[in-house]
Amino acid sequence: MAQLSLFLVVLLALVIPIFMARFQISNVPTAVAEIIVGIIMGSSGFNLITSTHDLTFLSNLGVILLMFLSGMEIDFDLLQRKNNPKGKSQAGKTVDPLKTAITAFIGIVVMAFVLAYILRLTGLFSEVMLAAIILMTVALGVVIATLKEKDILGRPIGQTILLTAVLGEVIPLLLLTIYASVNGGNAEQLWLIILLFAAAIFLLRRFKQPYLWFAKITKATTQLDIRLAFFLIFALVTVAERVGAENILGAFLAGMVMKLLEPSEATKDKLTSIGYGFFIPIFFIMTGVGLNLRSLFAHPSSLMLLPVLVIFLFIAKAPVVLTYMRYFQKKNAFAGGFLTATTITIVLPTLQVARKLHAITSTQSDAFILAAVIVCILSPIVFNSNFVLLPEDKIKEKVAIVGANAVTVPVAHDLHANWYSVKMFTDKKNQYKTYDSRVENLTFLPNLDEETLEKDGVFDGDIVVAANRADEDNIKIARMAKEKGINRVIARLSEVDSKTLTEFNEKGIEVFNSTNVHAALMRAMIESPTVYRIMTDTKNILYSVKVKNTHYTGRQLMDLEFIDQITVSRIKRGDKWLIPRGATVIEPGDILVFSGEFKVADRVRDLLSKE
């Protein structure tokens with residue numbers, strides 16, 4: 001029977017996603033589907049799967065890997081204001097994603113404790129702290145997957161929802177550790193948890209440089225990056241248990257350390273494959289197997305808890321809707337609030353800890369899990385049904401061009417509207433009068449000082465192009481833009497001295513020189529007229545895209561369904577340029593340089609760049 005249970009769990013882990021893909025069930029998270037199938041196959045249903053020693057071990061390893069990968073999902077760049085700039089929201093207001101997310105989550109915390117006290121007063125559940133922790137959690141993995149599907153992770157509303165979810169995973173986990181220490185009789189050892197964080201910092205500093213070396217010498221038979229990841233997991237899990245903290249906190253910190261080591265896309269894919277490919281599905285299926293709905297339905301008090309919990313899980317996120325409505329379109333604010341109500345990844349480990357501490361009964365735990373499953377089914381459906389993708393959400397990058405002239409105006413017109421949102425600025429009155437009627441977003445700048453540039457939004461975008469006639473103006477603007485944290489800065493310079501060029505190279509500022517460009521085009525016209533025609537053709541020009549979509553990695557160029565509609569000229573892999581062939585296998589992070597029509601290029605770039 002034990003071997004049969006293991007076989008059935010592994011079989012279901014394979015069949016469930018195939019079934020969902022075949023019948024196009026996309027609104028329900030795979031984890032929820034696995035729990036539901038576990039319920040059907042476990043003691044609540046056909047009783048074909050029972051908990052065995054092997055399955056318990058694999059399930060425990062699954063939850064550790066789940067928390068590790070959750071830690072790896074945290075984008076630390078978003079928590080830094082220089083990498084989290086203010087932008088215009090869908091309601092036309094200036095929004096700071098980090099500040100908005102913090103405000104929303106503070107509201108969640110307050111509401112969670114209010115609802116937890118109501119549960120205590122009504123006699124439905126007495127553990128206020130435990131209930132509050134569960135009510136304030138957000139399933140970060142589900143949120144990221146849903147936002148990626150809508151392709152709005154880089155937009156103000158997407159960043160705000162994501163940051164709210166990050167807080168909804170990190171804060172409850174820390175509170176759970178404190179709760180477990182106090183209720184487990186280890187309150188006097190609570191300060192030892194600092195040792196866990198100290199160990200994480202030590203491992204991060206210790207392995208930062210060796211990790212870069214590991215990445216260079218690793219091979220198929222060693223996989224040093226994966227071995228290091230598992231070392232970090234078990235090192236921090238061991239330290240966590242030794243100081244009286246929960247092992248899931250150690251696993252979560254290990255994921256954060258691994259993220260800060262900046263692993264390659266290939267390493268992330270391998271770790272995700274190991275976790276979600278085998279261990280984590282076993283954890284979710286066994287969670288469903290362990291649910292005893294018959295016992296739940298036999299206890300009226302626990303059964304009455306179920307609908308109350310479902311309602312409270314939604315009400316707890318009401319402050320999110322109210323906060324978002326100040327900055328975003330009401331329908332999208334409502335949808336965003338519903339999405340943050342998803343709560344499964346932290347709830348399951350939390351209940352596992354609570355059962356171990358005897359702080360919750362088995363039937364109460366089943367009620368919480370079932371409520372989380374119901375919410376996880378409803379939330380993404382409500383979000384996808386109500387969220388409206390506005391034009392500004394479809395824009396990939398914001399470009400600010402300082403200088404309106406015969407070079408920049410045609411460029412602004414030719415930049416693909418589906419990929420770029422362009423704003424132009426000029427401090428010359430005659431240029432403003434000449435081009436105001438021809439350029440949609442042209443702003444007159446009274447001067448080029450830092451205060452004026454910042455006030456008028458020159459530094460609000462992703463790319464700043466300093467293209468005035470005077471080199472000294474462009475040098476000044478480029479330096480200021482880089483100091484403001486702009487990712488890409490391009491400066492037009494008619495004459496480039498070695499000192500300035502060295503400085504710009506070190507700062508990552510790109511230099512555009514008209515003389516060099518014209519000379520290169522003339523040489524291309526003489527030596528390679530076909531290449532020149534491709535570069536100057538307004539319908540079929542060269543594009544580049546970084547491959548992030550794992551659906552297309554590990555596949556040969558000839559197997560891509562759109563390969564007959566584009567021409568791949570070069571592939572950049574790291575610092576090397578590859579000559580593409582039909583049998584060339586695409587790897588994560590490859591940059592494809594290709595040509596094709598606008599509509600085809602749109603689709604190809606969209607498909608390959610989705611994470």
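Numbering of residues begins at 1 and proceeds along the displayed sequence.
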Check: Tell me, do Ile102 and Leu163 make a side-chain contact under 4.5 Å, heavy atoms counted?
Finding: no
Practice item. Step by step, work out the side-chain hydrogen bond (donor to acceptor under 3.5 Å, both in side chains) result for Thr343 and Thr137. Key: CA-CA 6 Å; Thr343 172; Thr137 59; 2.4 Å; yes
> With a cut-off of 6.0 Å (strictly less than), are more than 12 heavy atoms of other residues, nucleotides or ligands near CG of Asn487?
Replying inline: no
#### Entry: Carboxylate-amine/guanidinium contact Lys455 Glu450, below 4.0 Å
no
(message) Set out, in order, the CA-CA distance, both residues' side-chain angles and the distance that settles ring pair (Phe, Tyr, Trp, His ring centres under 6.0 Å) for Tyr276 and Phe284, then state yes or no.
(response) CA-CA 10 Å; Tyr276 286 99; Phe284 285 127; 7.7 Å; no
All heavy atoms of Asp269 vs all of Pro588, minimum pair found to be OD2-CG, 3.1 Å
Please examine the side chains of Leu124 and Ile118, heavy atoms only from C-beta on, and report whether any two atoms are closer than 4.5 Å.
no
Open item on the list: Counting C-beta onward and ignoring hydrogens, is there a side-chain heavy-atom pair between Leu115 and Met111 closer than 4.5 Å?
Closed with: yes
Are the ring centres of Phe279 and Phe283 closer than 6.0 Å?
no
Check: Going through the distances and angles, do Phe338 and Phe334 end up as a ring pair (Phe, Tyr, Trp, His ring centres under 6.0 Å)?
Finding: CA-CA 6 Å; Phe338 256 86; Phe334 174 78; 4.8 Å; yes
**OP:** State, with a plain yes or no, whether a side-chain heavy atom of Thr342 is found less than 4.5 Å away from one of Val143.
**Re:** yes
Parallel, tilted or perpendicular: which fits the ring planes of Phe125 and Phe368, with parallel below 30° and perpendicular above 60°?
perpendicular
Quick one: does any side-chain atom of Lys317 pair with a main-chain N or O of Leu135 as donor and acceptor, under 3.5 Å?
yes
If you count every heavy atom of other residues, nucleotides or ligands that lies below 6.0 Å from Glu451 atom CD, does the total exceed 12?
no
Scanning both residues in full, the closest heavy-atom pair of Leu147 with Gly158 reads CD1-O, 3.6 Å
Chi angles and distances behind the side-chain contact (heavy atoms from CB on, under 4.5 Å) call for Met72, Met256 | CA-CA 5 Å; Met72 279 190 67; Met256 293 170 66; over 6 Å; no
Rounding to 0.5 Å, atoms OH (Tyr117) and OG1 (Thr122) come to a distance of 14.0 Å
ask   = Are Lys548 and Leu608 close enough that some pair of their side-chain heavy atoms sits under 4.5 Å apart?
value = no
Output for pair (Leu65 CG, Ile280 CD1), nearest 0.5 Å, gives 6.0 Å
Taking atom CZ of Arg120 as the centre, does the number of heavy atoms from other residues, nucleotides or ligands within less than 6.0 Å exceed 12?
no
Only residue of Val138, Val382, Ile161 satisfying side chain to side chain contact (heavy atoms under 4.5 Å, CB included) with Leu339 is Ile161
| Would Ser544 and Phe594 count as a side-chain contact (heavy atoms from CB on, under 4.5 Å) if you check the C-alpha gap in whole Å, the side-chain angles of each, and the deciding distance to 0.1 Å? | CA-CA 6 Å; Ser544 68; Phe594 68 95; over 6 Å; no
Legend entry - 4.5 Å side-chain heavy-atom contact, Ile586 and Leu592: yes
Verify whether the ring centers belonging to Phe562 and Tyr552 lie closer than 6.0 Å.
yes
Expected output: side-chain Thr408 to main-chain Gly403 donor-acceptor under 3.5 Å: yes
(message) Using side-chain heavy atoms (C-beta onward) and a distance below 4.5 Å, is Ser365 in contact with Ile369?
(response) yes
Residues Leu309 and Ala371: closest non-hydrogen pair is CB-CB, 3.7 Å
Closest non-hydrogen contact found for Ala404 with Met424 is CA-CE, 3.8 Å
Rounded to the nearest 0.5 Å, the CZ atom of Arg326 sits from the OG1 atom of Thr100 at a distance of 7.5 Å
Kindly indicate, with the supporting measurements, whether the criterion side-chain contact (heavy atoms from CB on, under 4.5 Å) is fulfilled by Ile463 and Lys398.
CA-CA 6 Å; Ile463 302 173; Lys398 295 179 181 178; over 6 Å; no
Looking only at heavy atoms, the pair that brings Ala251 and Ile64 closest together is CB-O, 3.3 Å
Item checked: Min side-chain heavy-atom separation Pro281-Ile16 under 4.5 Å -> no
When rounded to the nearest 0.5 Å, the distance separating OG1 of Thr553 from CG of Asp590 is 9.0 Å
Please answer whether the main-chain N or O of Phe328 pairs with a side-chain N or O of Asn332 as donor and acceptor at a distance below 3.5 Å. no
- Task: Report the C-alpha separation of Val321 and Lys330 in whole Å, then their side-chain angles, then the decisive distance to 0.1 Å, and conclude whether the side-chain contact (heavy atoms from CB on, under 4.5 Å) test is met.
- Result: CA-CA 8 Å; Val321 178; Lys330 289 184 178 180; over 6 Å; no
**Prompt:** Between Tyr324 and Gln329, do the side chains contain an N or O donor and an N or O acceptor separated by less than 3.5 Å?
**Reply:** no
- Task: Would you confirm whether Asn386, through its side chain, and Lys331, through its main-chain N or O, come within 3.5 Å as a donor-acceptor pair?
- Result: no
Interatomic distance, CD1@Ile477 vs CZ@Phe459, rounded to 0.5 Å, equals 7.5 Å
So CD1 of Ile285 and CD1 of Ile40: to nearest 0.5 Å the spacing works out to 11.5 Å
Which of Ile39, Ile36, Thr287 passes side chain to side chain contact (heavy atoms under 4.5 Å, CB included) with Val373? Answer is Ile36
Closest non-hydrogen atoms of Pro380 and Cys376, given as atom of the first, atom of the second and distance, are CD-O, 2.9 Å
